[in-house]
Amino acid sequence: MKRARGIIIAIDGPSGAGKSTLARTLAKRLGYLQLDTGAMYRAMAWLARATGLDLSNEAAVQLFCATADIELEPVNGSSRVFANGREVTAEIRTPEISMLTSRISALGPVREAMTNLQRRMGAQGGVVLEGRDIGTVVFPDAELKFYLTASAEERGRRRFLELQAKGDSISLEATIQDVQQRDAQDAGRLLAPLRQAADARPIDSTGLTVDEVVSLMEQAARAILAGKER
Ligand code: DC
């Protein structure tokens, strides 16, 4: 029996749908690499703010993208994130950076730089990538694609609990509003908007446990892998 290379698994969907937890858990069960592409865009936003980048200056944005160095370092089923060599893992998870990321990720040069990097990182297979445009743009030929959703209230509540656990004093209402505003921006942009790929399997995670969703995903992955080994 020939040993098949690992497949590429794409998980797309709006913010707070549970992509990160699911991608991490699924990658662990399959022994795959997890790539959080949102963290890469967040690191770009962090760097843009740190360097005072003027988002309306096209030449400056081009130069910024050509020189930005974003790295993900896998550690114990999670990732450390670096921007130009500086660790930004915790600093990129604030409401302010979330909003800036949603704006900066609409820019062509930013998308091009991140898409190229993601393709290089995932090309070998054996990888679970989560984001907004993985199944539609980054890896349209991925062997397995999921489109994960949950109600806006549920997604806002999950984000709120995450932020509250970190000591952030944002309210539940403001978090739900933030999530809805970001989704509208991400789905309404011209380049690589958030949308379900025609061949993606939709999963509504409202009211489901992580284990229930991961088991569905793992079953689908193992069925494809079994087919490849035959
Ligand atoms: O998944 P996240 O919340 O960490 O993503 C932060 C932002 O990055 C999100 O508002 C949209 C953008 N993003 C994107 O445009 N394309 C991706 N593949 C991943 C994230």
Side-chain angles (χ1 to χ4, degrees), residues 8-24 27 34-49 55 61 65 68 70 72 78-81 83 88-122 127-140 142 145-150 152 154-163 166 168 170 175-197 200 205:
I8 294 178
I9 302 177
I11 304 180
D12 290 307
S15 15
K19 296 188 299 291
S20 291
T21 310
L22 291 164
R24 192 183 322 121
Q34 177 215 356
L35 286 183
D36 176 354
T37 66
M40 297 165 76
Y41 285 100
R42 284 172 181 273
M44 287 294 267
W46 183 91
L47 203 53
R49 198 186 58 164
L55 298 191
V61 171
C65 290
I70 306 299
L72 293 184
S78 159
S79 283
R80 295 173 72 190
V81 188
V88 294
T89 313
E91 286 168 63
I92 58 174
R93 304 283 166 194
T94 65
E96 188 200 347
I97 291 288
S98 296
M99 275 302 166
L100 183 59
T101 307
S102 186
R103 283 178 55 211
I104 202 175
S105 63
L107 304 176
V110 174
R111 296 217 73 80
E112 196 182 324
M114 292 302 101
T115 300
N116 289 339
L117 185 56
Q118 289 154 19
R119 285 184 180 147
R120 277 204 301 278
M121 292 167 86
V127 66
V128 182
L129 295 106
E130 50 154 310
R132 303 292 188 289
D133 63 338
I134 308 304
T136 51
V137 174
V138 181
F139 284 111
K145 301 177 185 179
F146 296 103
Y147 190 80
L148 199 67
T149 55
E154 172 93 11
R155 294 186 290 108
R157 198 180 55 82
R158 288 178 190 164
R159 268 287 137 88
F160 171 71
L161 291 176
E162 267 170 36
L163 291 168
K166 285 195 313 178
D168 249 301
I170 192 163
T175 314
I176 294 175
Q177 264 176 21
D178 270 17
V179 159
Q180 284 175 320
Q181 187 186 335
R182 269 208 298 142
D183 289 348
Q185 280 171 201
D186 296 343
R189 70 183 175 217
L190 223 55
L191 299 170
L194 165 68
R195 66 182 171 81
Q196 183 179 332
S205 70

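Quick caveat, the model's predicted, so the values are computed rather than measured. Remember, it's 1-based here, ligands and their atoms both numbered in the order they're listed.
By the side chain to side chain contact (heavy atoms under 4.5 Å, CB included) test, F160 pairs with Q164, L172, T175, sequence neighbours left out. Shown here are the side chain to side chain donor-acceptor pair (under 3.5 Å) partners of T37, two or more places apart in sequence or in another chain: there are none. For R111, the side chain to side chain contact (heavy atoms under 4.5 Å, CB included) criterion is met by Y41, S105, D133, R189, L191, A192, not counting sequence neighbours.
Listed by chain and number, T37, G38, Y41, R42, R93, T101, S102, S105, R111, G131, R132, D133, R159, R182, D186, R189 each place a non-hydrogen atom less than 4.0 angstrom from ligand 1.
Checked for salt-bridge contact, D12 and R132 miss the test: no charged N lies under 4.0 Å from a carboxylate O. Checked for salt-bridge contact, R158 and E154 meet the test: a charged N lies under 4.0 Å from a carboxylate O.
S98 pairs with exactly one of Q181, R42, R93 by the side chain to side chain donor-acceptor pair (under 3.5 Å) rule, that one being R42.
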